[in-house]
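A note on names: the letters A, B, ... follow the listed sequences, proteins ahead of strands, and every chain is numbered from 1.
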Amino acid sequence: MPELPEVEVVRRGLERFVQGREVAAVSVLHPRAIRRQPAGAGDFAARLTGTRIESVRRRGKYLYLPLDSGEAVLAHLGMSGQLLMAPTETEPEPHLRIRVGFTDGDPELRFVDQRTFGGMAIEKTVLDPVAGQPLPVSIAHIARDPFDPLFDDAEFARRLRRRHTGIKRALLDQSLISGVGNIYADEALWRARLHYARPTETLTRPAIERLLAAVREVMAAALVQGGTSFDSLYVNVNGESGYFDRSLAVYGRQDEPCPRCGAPVRREAFMNRSSYTCPTCQPRPRRGRW
DNA sequence: CAAGGTACCTGTTAGC
DNA sequence: TGCTAACAGGTACCTT
C-alpha cells in the first residue's frame with residue numbers, strides 16, 4: 001500500500017498491535033526483503049530479537065520503529081508490500097517474506113510482498129536536526145510530509161521554484177516533499193487545475209499554496225476512507241482494503257467524464273507510468289504562456 | 001549537482 | 001485456448 005494515506009493506515013494499525021511488545025523470534029524467508037541490511041539476514045534477526053518496540057513512526061512512505069536498543073526497524077512497502085498482524089497458527093501467505101514473533105504470543109507481525117520492491121532493515125539512528133527525534137540514517141534525506149507540523153510551506157515554495165522541472169516530477173521527489181505518489185499527485189494536480197508538465201519555476205506563491213492545500217485535502221480524505229485499494233494487494237494490518245478508489249476524480253478513469261466539466265479524462269505515459277488529467281481543466285502549458 | 005532514464009520483481013489483464 | 005506485451009501504487013542508482 002504505497003502512498004502516505006495507505007502507509008499511515010498501516011502505521012496506526014502497527015501502533016495498536018506492536019508498540020511496547022518484545023520480539024521473541026525473527027525469520028527471514030526471502031533475501032531480497034532484507035537487501036538493505038548489508039550484513040544479511042542473520043544480522044537483521046540478531047539485532048531485532050530481544051528488543052522492545054518503543055513506538056511506530058512514519059517519514060513519508062517509510063515506517064520506522066525505534067527500539068529500546070537505540071536502533072530502529074526501517075520498513076518500506078515498495079509497490080506491493082503488506083504488514084499484517086496474524087495468529088502464529090495462520091497458514092503462511094504465498095509471498096510471506098519476514099515473520100516477527102513476540103514474547104507475549106499472538107498476533108505475530110508478517111511482511112508479505114509479491115513484487116519484492118519493499119523491505120525491512122535494522123539501522124542506527126541519527127537525531128533529526130530540527131525535531132530532535134531519532135531517525136534511521138538511510139532516510140535522513142527524505143523530506144517531511146505536508147501533514148508534519150514542521151513542514152515549512154514557504155521553504156517548500158522557495159525550493160520548488162528553484163527547480164527546473166515539471167510540477168509532477170517535483171511532487172514525486174521525496175527529498176522535496178514526501179508521501180505523495182502517482183495517484184495523489186494526479187488527484188491533487190486535478191484539484192489545483194495544474195498540468196503535470198507545468199514548469200516549477202513559473203508557479204506563483206498562491207498557486208503553490210493552492211496545490212499544497214489540494215495535496216492535503218485529497219490525502220486527508222483518502223485517510224478517512226482507509227486509503228485507496230484497487231485490489232487485495234493494498235490492505236491494512238488486518239488485510240482490509242480502503243475505499244477511496246470510489247472518490248478518485250481522474251486517476252484510473254480514462255475516458256470517463258471529468259467530475260467538474262464533463263470532458264473525457266485523458267491518460268498519457270509520463271515518467272514510465274500513467275498520468276491522468278482533464279484536458280480542459282488542466283491544459284498543457286505552452287512556452288511563454290500558461 | 002540537478003535532471004532524467006533505467007533497473008529491480010511478479011502477477012494480472014488486454015489483445016491477437 | 002494460449003501466447004505476448006503492456007501495465008501496476010516506488011525508490012536507488014547511473015549517466016548526462
Asks: Answer yes or no: are there more than 12 heavy-atom neighbours, outside A:F230 itself, under 6.0 Å from its atom CZ?
Replies: yes

Asks: Would you mind reading off the distance between A:Y184 atom OH and C:dA8 atom P, rounded to a whole angstrom?
Replies: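 Atom-to-atom, A:Y184 to C:dA8, this comes out as 16 Å.
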
Asks: Would you kindly compare A:I139 and A:R267 by the position of their nearest DNA chain C nucleotide and give the one closer to the 5′ end?
Replies: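 The answer here is A:R267.
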
Asks: Ignoring hydrogens and geometry beyond distance, is a side-chain donor-acceptor pair present between A:Y62 and A:S178 at under 3.5 Å?
Replies: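 Side-chain D/A pair, A:Y62 to A:S178: absent.
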
Asks: Any chance the side chains of A:E256 and A:Y276 put a donor and an acceptor closer than 3.5 Å?
Replies: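 There is no such pair between these side chains.
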
Asks: I want to verify a distance call: between B:dG11, C:dC7, C:dT11, whose nearest atom is closest to the A:H76 side chain?
Replies: C:dT11

Asks: Distance alone, cut at 3.5 Å: any donor-acceptor contact between the side chains of A:E123 and A:S138?
Replies: yes

Asks: Are there any protein N/O atoms within less than 3.5 Å of an N/O atom in nucleotides 12-15 of chain B, and if so, which ones and at what distance?
Replies:
none

Asks: Does any N or O in the side chain of A:Q174 come within less than 3.5 Å of the main-chain N or O of A:V180, such that one atom is a donor and the other an acceptor?
Replies: yes

Asks: Kindly compute the distance separating CZ (A:R110) from OG1 (A:T88), expressed to the nearest 0.5 Å.
Replies: 7.5 Å

Asks: Taking OP1 and OP2 of B:dC9, is either one under 4.0 Å from a side-chain nitrogen or oxygen of A:H30?
Replies: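 Answer is no, no contact under 4.0 Å.
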
Asks: From CD of A:Q254 over to P of C:dC7, roughly how many Å is that when rounded to an integer?
Replies: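 Result: 10 Å.
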
Asks: Would you check if A:F117 stacks with the base of C:dT11, given a 5.5 Å centroid limit and a 30° plane limit, both strict?
Replies: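 Stack criterion not met.
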
Asks: Dot-bracket for DNA chain C, 5' to 3', with Watson-Crick and G-U pairs under 3.5 Å, [ ] for crossing pairs and | for other-strand pairs: what is it?
Replies: .|||||||.|||||||

Asks: Verify the distance criterion only: is there a donor paired with an acceptor across the side chains of A:T200 and A:R163 at less than 3.5 Å?
Replies: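 No, no side-chain donor-acceptor pair sits under 3.5 Å.
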
Asks: Using the rule given for side chain to side chain contact (heavy atoms under 4.5 Å, CB included), can you reason through A:I98 versus A:F44, listing the C-alpha separation, both sets of side-chain angles and the distance that settles it, and then say yes or no?
Replies: CA-CA 11 Å; A:I98 297 172; A:F44 175 83; 4.1 Å; yes

Asks: Rounded to the nearest 0.5 Å, how far apart are OG1 of A:T277 and NZ of A:K168?
Replies: 9.0 Å

Asks: Between C:dT11 and B:dG11, how many Å separate the two P atoms, rounded to a whole number?
Replies: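 The same atom, P, in both gives a distance of 22 Å.
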
Asks: I'd like to know whether CZ of A:R35 has more than 12 heavy-atom contacts from other residues, nucleotides or ligands below 6.0 angstrom.
Replies: yes

Asks: Using whole Å, what does the distance between atom P of nucleotide B:dA7 and atom CG of A:N272 come to?
Replies: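 Checked: the CG to P distance equals 9 Å.
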
Asks: Is the ring centre of A:F230 under 5.5 Å from the base ring centre of C:dA8, and are the two planes under 30° apart, so that they stack?
Replies: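 A:F230 ring does not meet the centre or angle cut-off for C:dA8; no stack.
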
Asks: Could you check how far CZ of A:F244 sits from P of C:dG9, rounded to whole Å?
Replies: 16 Å

Asks: Of all the choices, C:dA8, C:dG9, B:dC9, which nucleotide is nearest to the side chain of A:R32 once you look at every atom?
Replies: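 When the side chain of A:R32 is considered, B:dC9 is the closest of C:dA8, C:dG9, B:dC9.
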
Asks: What contact category does A:R36 fall into here, base, sugar-phosphate, or nothing, at under 4.0 angstrom with non-hydrogen atoms?
Replies: sugar-phosphate

Asks: Which ones in residues 157-182 of chain A lie close to DNA chain C, meaning a heavy atom under 4.0 Å from one of its atoms?
Replies: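 Residues of residues 157-182 of chain A that come under 4.0 Å of DNA chain C are, in numerical order, A:Q174, A:G181, A:N182.
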
Asks: Is there a path from A:V73 to A:Y64 through hydrophobic residues (I, L, V, M, F, W, Y) whose side chains come within less than 4.5 Å of each other?
Replies: no

Asks: Measuring from the side chain of A:T116 (C-beta onward, heavy atoms only), which nucleotide among C:dG9, B:dC9, C:dT11 has the closest atom?
Replies: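 Closest of the options to the side chain of A:T116: B:dC9.
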
Asks: Does a side chain donor of either A:Y196 or A:E268 reach within less than 3.5 Å of an acceptor in the other side chain?
Replies: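 Looking only at side-chain atoms, A:E268 and A:Y196 do form a donor-acceptor pair, the distance falling under 3.5 Å.
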
Asks: Specify the residue among A:Y251 and A:I142 whose closest nucleotide of DNA chain C lies further upstream toward the 5′ end.
Replies: A:Y251

Asks: Which one, B:dT10, C:dA12, C:dG10, comes nearest to the side chain of A:R115?
Replies: B:dT10

Asks: Is A:S274 close enough to C:dA8 that one of its side-chain N or O atoms is under 4.0 Å from OP1 or OP2 there?
Replies: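 Looking at the OP1 and OP2 atoms of C:dA8, one of them is under 4.0 Å from a side-chain N or O of A:S274.
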
